[in-house]
J.: 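Here's a structure for you.
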Amino acid sequence: MLEIIKYNEDEYSFPCLLVLGCFDALHIGHAELLKKAKLQAKINGLDLGVMMFVNGKGGRQVYTFEERQKFLEQYNVKFVLAIDYTDDFKETSASQFLENIENKLNVKAYMSGRDFRFGKDAKGKSSTLKTYAEDEENGVWYMQVKDLTYVGEKVSTTLIKNCIEQGNLVKAGALLGRNYSVSGFVIEGANRGKKVVGFPTVNMRYPVEKIEVKKGVYKVKVLVGDEEFIGIANYGPRPTFNEQSSILEAYLDGFVGTLYGRGITIEFVEYIRDTEKFESAEELKAQLKLDLKQAKLKV
């Protein structure tokens with residue numbers, strides 16, 4: 001279990017290597033950085049720590065703080081330096097930021113991506129850290145890791161968010177190194193899926209803190225405990241039934257039973273089509289059969 005160290009409050013006395021960055025998406029570029037950090041920490045006998053903003057820098061996130069913690073466990077990370085992105089924090093100079101860290105943590109080394117920026121007005125950068133480490137009085141060393149590109153584009157959280165919002169979940173998944181997903185508890189709906197349409201669905205409120213996928217129909221994988229189901233999901237309104245509120249509902253191919261109150265995870269694999277208004281439940285059912293066939297053809 002990762003230890004949570006609150007920035008400028010909690011202390012961590014064991015010598016450590018601290019990875020600096022935002023890490024709000026934990027994409028394939030972050031994975032390369034963390035692999036190198038894990039190796040360097042092991043070679044030098046240091047505990048590995050990772051800086052993360054608790055609620056990102058404002059707005060919806062690719063992954064919640066809790067989700068990001070789980071991803072970090074595979075890199076043998078010992079602690080997370082948890083920072084709240086407050087107005088006071090934004091006014092902290094680059095030098096004061098490093099001083100605050102070293103007043104509480106026993107840092108022996110820093111690592112970051114080449115494009116990492118920190119301090120008021122983002123004046124601190126990798127060259128700042130390099131100069132800082134070269135001063136022997138500071139007693140730390142610094143390693144920079146090059147940015148990763150994907151088909152000629154720099155991998156970034158901004159690019160991933162754009163892909164998710166535009167419905168390009170295939171590219172988003174490639175950049176993340178995993179399917180984009182949301183988790184939540186199954187709630188009771190109107191039961192039209194089972195009684196009217198003939199496609200029983202599970203309903204879930206879309207997490208308010210997570211970046212929204214484009215409204216429409218998707219091929220999905222649904223994780224229920226240790227089981228995985230291929231299926232189709234709709235996020236958005238249900239115009240056939242004149243309902244404009246957005247809900248996430250999914251059909252799990254092969255699942256029998258009820259899931260009310262249980263936690264599930266929905267992985268978005270691929271965008272299938274826009275939401276449509278059908279003249280009848282039978283027309284909707286016929287389209288859903290085609291959607292499911294398309295999703296199962298691409299397993």
J.: Centroid-to-centroid, Phe89 to Phe53, below 6.0 Å?
T.: yes
J.: Do Asp274 and Lys215 meet the salt-bridge criterion of a basic N to acidic O distance under 4.0 Å?
T.: no
J.: I'd like to know if Lys171 pairs up with Glu270 as an ion pair, taking the criterion as any Lys NZ or Arg NE/NH1/NH2 lying under 4.0 Å from an Asp or Glu carboxylate oxygen.
T.: no
J.: Does Lys285 pair with Glu282 as a salt bridge, N-O distance under 4.0 Å?
T.: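 Salt bridge: no.
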J.: For Glu249 and Thr201, which I'm curious about, is there any donor-acceptor pair between the side chains at under 3.5 Å?
T.: yes
J.: Does Arg205 make a cation-pi contact with Phe185 (under 6.0 Å, within 45 degrees of the axis)?
T.: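 Relative to the ring axis of Phe185, which defines the angle, Arg205 lies outside at least one limit.
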J.: Does one side chain, of Asn106 or Ser13, offer a donor that lies under 3.5 Å from an acceptor on the other?
T.: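 Short answer, no.
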J.: Before accepting this row, confirm whether a basic side-chain N of the pair Glu73/Lys70 lies closer than 4.0 Å to the acidic partner's carboxylate O.
T.: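 Answer for the salt bridge query: no.
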J.: Tell me yes or no: between the side chains of Gln166 and Asn162, is some donor less than 3.5 Å from an acceptor?
T.: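 Result is no, nothing qualifies.
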J.: Taking atom types as modelled and ignoring hydrogens, do the side chains of Arg68 and Gln61 form a donor-acceptor contact shorter than 3.5 angstrom?
T.: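 Checked: Arg68/Gln61 side chains pair up, N/O donor to acceptor below 3.5 Å.
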J.: With no hydrogens and no angle check, just 3.5 Å: does a side-chain donor-acceptor pair link Ser112 and Tyr142?
T.: yes
J.: For Lys210, enumerate each residue passing the side chain to side chain contact (heavy atoms under 4.5 Å, CB included) test, keeping only those at least two apart in sequence or located in another chain.
T.: Tyr63, Thr64, Glu67, Tyr180, Val182, Tyr206, Pro207
J.: Step by step, would you call Leu252 with Val202 a side-chain contact (heavy atoms from CB on, under 4.5 Å)?
T.: CA-CA 8 Å; Leu252 288 60; Val202 294; 3.7 Å; yes
J.: Carefully, step by step, assess Ile28 and Leu176 under the rule side-chain contact (heavy atoms from CB on, under 4.5 Å).
T.: CA-CA 5 Å; Ile28 56 175; Leu176 288 169; over 6 Å; no
J.: Between Lys130 and Glu134, does the salt bridge (Lys or Arg N to Asp or Glu O under 4.0 Å) criterion hold? Intermediate values first, please.
T.: CA-CA 6 Å; Lys130 184 175 183 293; Glu134 287 173 349; 2.6 Å; yes
J.: Is a salt bridge present between Glu91 and Lys120, judged by a nitrogen-to-oxygen distance below 4.0 Å?
T.: yes
J.: Step by step, work out the salt bridge (Lys or Arg N to Asp or Glu O under 4.0 Å) result for Lys104 and Asp10.
T.: CA-CA 7 Å; Lys104 300 291 185 181; Asp10 300 332; over 6 Å; no
J.: Shortest non-hydrogen contact from Ser183 to Thr265?
T.: OG-OG1, 2.7 Å
J.: Between Asn100 and Tyr7, is a side chain to side chain donor-acceptor pair (under 3.5 Å) present by the stated rule, with each step listed?
T.: CA-CA 8 Å; Asn100 289 346; Tyr7 168 75; 2.9 Å; yes
J.: In this structure, are over 12 heavy atoms from other groups packed under 6.0 Å from Lys90 atom NZ?
T.: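 More than 12 within 6.0 Å, yes.
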J.: Taking everything shown except Glu136 itself, do over 12 heavy atoms lie less than 6.0 Å from its CD?
T.: no
J.: Under a 3.5 Å threshold, yes or no: a donor from one side chain and an acceptor from the other, between Glu212 and Tyr235?
T.: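 Side chains of Glu212 and Tyr235: pair found under 3.5 Å.
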J.: Centres of the Phe14 and Tyr12 rings: under 6.0 Å?
T.: no
J.: Looking just at side-chain N and O atoms, do Asn234 and Tyr218 make a donor-acceptor pair shorter than 3.5 Å?
T.: no
J.: If you count every heavy atom of other residues, nucleotides or ligands that lies below 6.0 Å from Lys125 atom NZ, does the total exceed 12?
T.: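 For Lys125, atom NZ is not crowded (no more than 12 foreign heavy atoms under 6.0 Å).
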J.: Considering only NZ, NE, NH1 and NH2 on the basic side and carboxylate oxygens on the acidic side, decide whether Lys36 and Glu32 come within less than 4.0 Å.
T.: yes
